[in-house]
A.B. asks: 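Please see the structure below; I have some questions.
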Amino acid sequence: MADVRLRFAPSPTGPLHIGGIRTALYNYLYAKQKGGKFILRLEDTDQKRYVEGAPQYIKDALEWSGIHFDEGPGIGGDYGPYIQSERSDLYKKYTQELLDRGHAYYAFDTGAELDQMRKNEEATGNQGAKYNYLTRSKMKNSLSLSTEETQAYLDKGESVTVRLLIPRDENILIEDGVRGQVTFHSDQLDDKVIMKADGLPTYHLANIVDDHHMKISHVIRGEEWLSSTAHHLLMYRFLEWEAPNYAHLPLILKPTGKGKLSKRDGAKFGFPVFPLSWIGDSEEESFIGFKEAGFLPEALVNFMALLGWSPGNDEEVFSMEALQSLFSIKKIVKSGARFDFDKLKWFNQQYIIKMNNDKLADLIKPSLGEVGLTADDGFLSAFAGLMKERVEKVGDFIPEGRFFFTRPDSYDSKMVKKKYREENNLAFQSIISIIRSKPADLQTDVKSFITDNEYKFGQILPILRISITGSMKGPDLFETIALIGHDECAERIELFLEAAPEILVEN
Ligand code: GLU
């Protein structure tokens, strides 16, 4: 079998949408499973849509996601350059070859003339007219013009494009790894422009020339490219090249299941749709990333892997290595995959729980600094360990566990009114003393005190917790006290007892 080589070929037209991460991931998983290579290629031939910063963003996003390419911009490889704008000569060569072989032709129509053609055709009942066998003879191209006229247009050099000459009345069969056999009839296809007036190829030509020259064996890409594949297969045939194996991925759907998930849906549904944050020209064009929103790349990758693919059993938590060995194109689903944000949060929680506390502490540290708090590494690591079962995102640690670093600035007054009774102050004073004595087993000592003195846990423990943390939420109370420190906690209880009479009269 030929070498397995897969590529991810984004266009640097902005930040990489989460769908792009899934495409990259599937290509990567398949390449790695087969001991092959994963290549990054930047398809930047549409210069009008080029966005500064997008290539770096793409590389950073892949890196963060743990999807490492073996060849690509910046690292090179045997089949470079890996940026299409640096490969112009190659595209010119094959455009000429297609012209010479009679599979392409020059077209000189301006944008206005193309619009006019569509209008004229519509008037005669040809709705949604294409540049094709029905219309090409009525247009300005080297098929309809004489050799001299064609030469004159070429000499003038205005609006010179090259179009693919689609043959009549043929069935073009695509063997798709996901959809099986898909047939397009050639009469449905348009004579696509392959070389633009600016001397750069369109996506279609550049894509197949590069896939051929980079020896790509499998192409896994979004469903939106399926109809272009018919054009691509024709070009492979015209150039007498072997086409790669294709597999087209189902759409990623909105959480409602209706329609494709778009970049605007992030703001609409309140979750990120980009791996990393992106600062655009306006607020509308700026997006928060999963990373910045506190998601772990392992969780995102696991979630994305299952968005359109299933191992065929109920298992859900897979490391990148496990995915590499289990992944199969055959098990990619045909129908759209619904983006379920709650599920992603669940995955994130699983990975947070699994993560080593020191590593987690490193991730939490920046958000601690942002709110002007500090802690040493050991403390932060113990904090991470205590809190990790209770959060969904890295960013939840500090807001949810602020009391570990600073005294509560308010108390859950509803709960205080319900549970606090001044007549229990004596008990609290005794417990303060127990805490200050730092016994080996604080929990047992406090609980024995409560039962020995015929109090109820419900009269004492909720108030102890609130006085230390401000609310009823948080990890185990005694572990919390041990980490915050006995003297500090004793002081917090004292402060609470001073504040309590006022809380009782608050409304
Ligand atoms: N440049 C195309 C894109 O932006 C690549 C499509 C393909 O993989 O062939 O998605």
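FYI, the numbering just counts along the sequence from 1. Remember, it's 1-based here, ligands and their atoms both numbered in the order they're listed.
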A.B. asks: Would you please determine whether Glu224 falls within less than 4.0 Å of ligand 1 on a heavy-atom basis?
C.D. replies: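 In this structure, Glu224 fails to qualify as a contact of ligand 1 - no heavy atom is under 4.0 Å.
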
A.B. asks: Which residue holds the protein heavy atom closest to atom 1 (N) of ligand 1, what is that atom called, and what is the gap in Å?
C.D. replies: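 The closest one turns out to be Glu43 OE1, 2.6 Å.
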
A.B. asks: Between Ala104 and Val162, what is the shortest heavy-atom contact and its length?
C.D. replies: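 It is CB-CG1, 3.8 Å.
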
A.B. asks: Among all the protein's non-hydrogen atoms, which is closest to atom 6 (C) of ligand 1, and how far away is it?
C.D. replies: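 That would be Tyr203 OH, 3.4 Å.
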
A.B. asks: Enumerate the atoms of ligand 1 whose separation from the nearest heavy atom of Asn207 is less than 4.0 angstrom.
C.D. replies: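 By the 4.0 Å cutoff, the relevant atoms are 7 (C), 9 (O).
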
A.B. asks: So which heavy atom in the protein is nearest atom 8 (O) of ligand 1, and how far is it from that ligand atom?
C.D. replies: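 The answer is Arg7 NH1, 2.5 Å.
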
A.B. asks: For ligand 1, is there an N or O atom under 3.5 Å from any N or O atom of Ala9?
C.D. replies: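 Between Ala9 and ligand 1 (N or O atoms, distance only) the closest approach is under 3.5 Å.
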
A.B. asks: Is Tyr94 close to Ile208 at the side-chain level, that is, under 4.5 Å between some pair of heavy atoms?
C.D. replies: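 When only atoms from C-beta onward are counted, Tyr94 and Ile208 do not touch, as no gap falls below 4.5 Å.
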
A.B. asks: List the closest protein heavy-atom neighbour of atom 4 (O) of ligand 1: residue, atom name, distance to the nearest 0.1 Å.
C.D. replies: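 In this structure, atom 4 (O) of ligand 1 has Ser11 OG, 3.2 Å as its nearest protein heavy atom.
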
A.B. asks: Give a yes or no on whether the backbone of Phe238 and the side-chain of Arg101 come within a donor-acceptor separation of less than 3.5 Å.
C.D. replies: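 Looks like yes, one N/O pair under 3.5 Å.
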
A.B. asks: Is there a side-chain contact between His231 and Asp190 (heavy atoms, below 4.5 Å)?
C.D. replies: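 Side chain of His231 against side chain of Asp190, heavy atoms only: contact under 4.5 Å found.
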
A.B. asks: How would you list, by chain and number, every residue that makes a side-chain contact (heavy atoms from CB on, under 4.5 Å) with Asn313, sequence neighbours excluded?
C.D. replies: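 Expected list: Pro311, Glu315.
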
A.B. asks: For Leu62 versus Ala24, what's the shortest heavy-atom pair and its separation?
C.D. replies: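 Of all heavy-atom pairs spanning Leu62 and Ala24, the closest is CD2-CB, 3.7 Å.
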
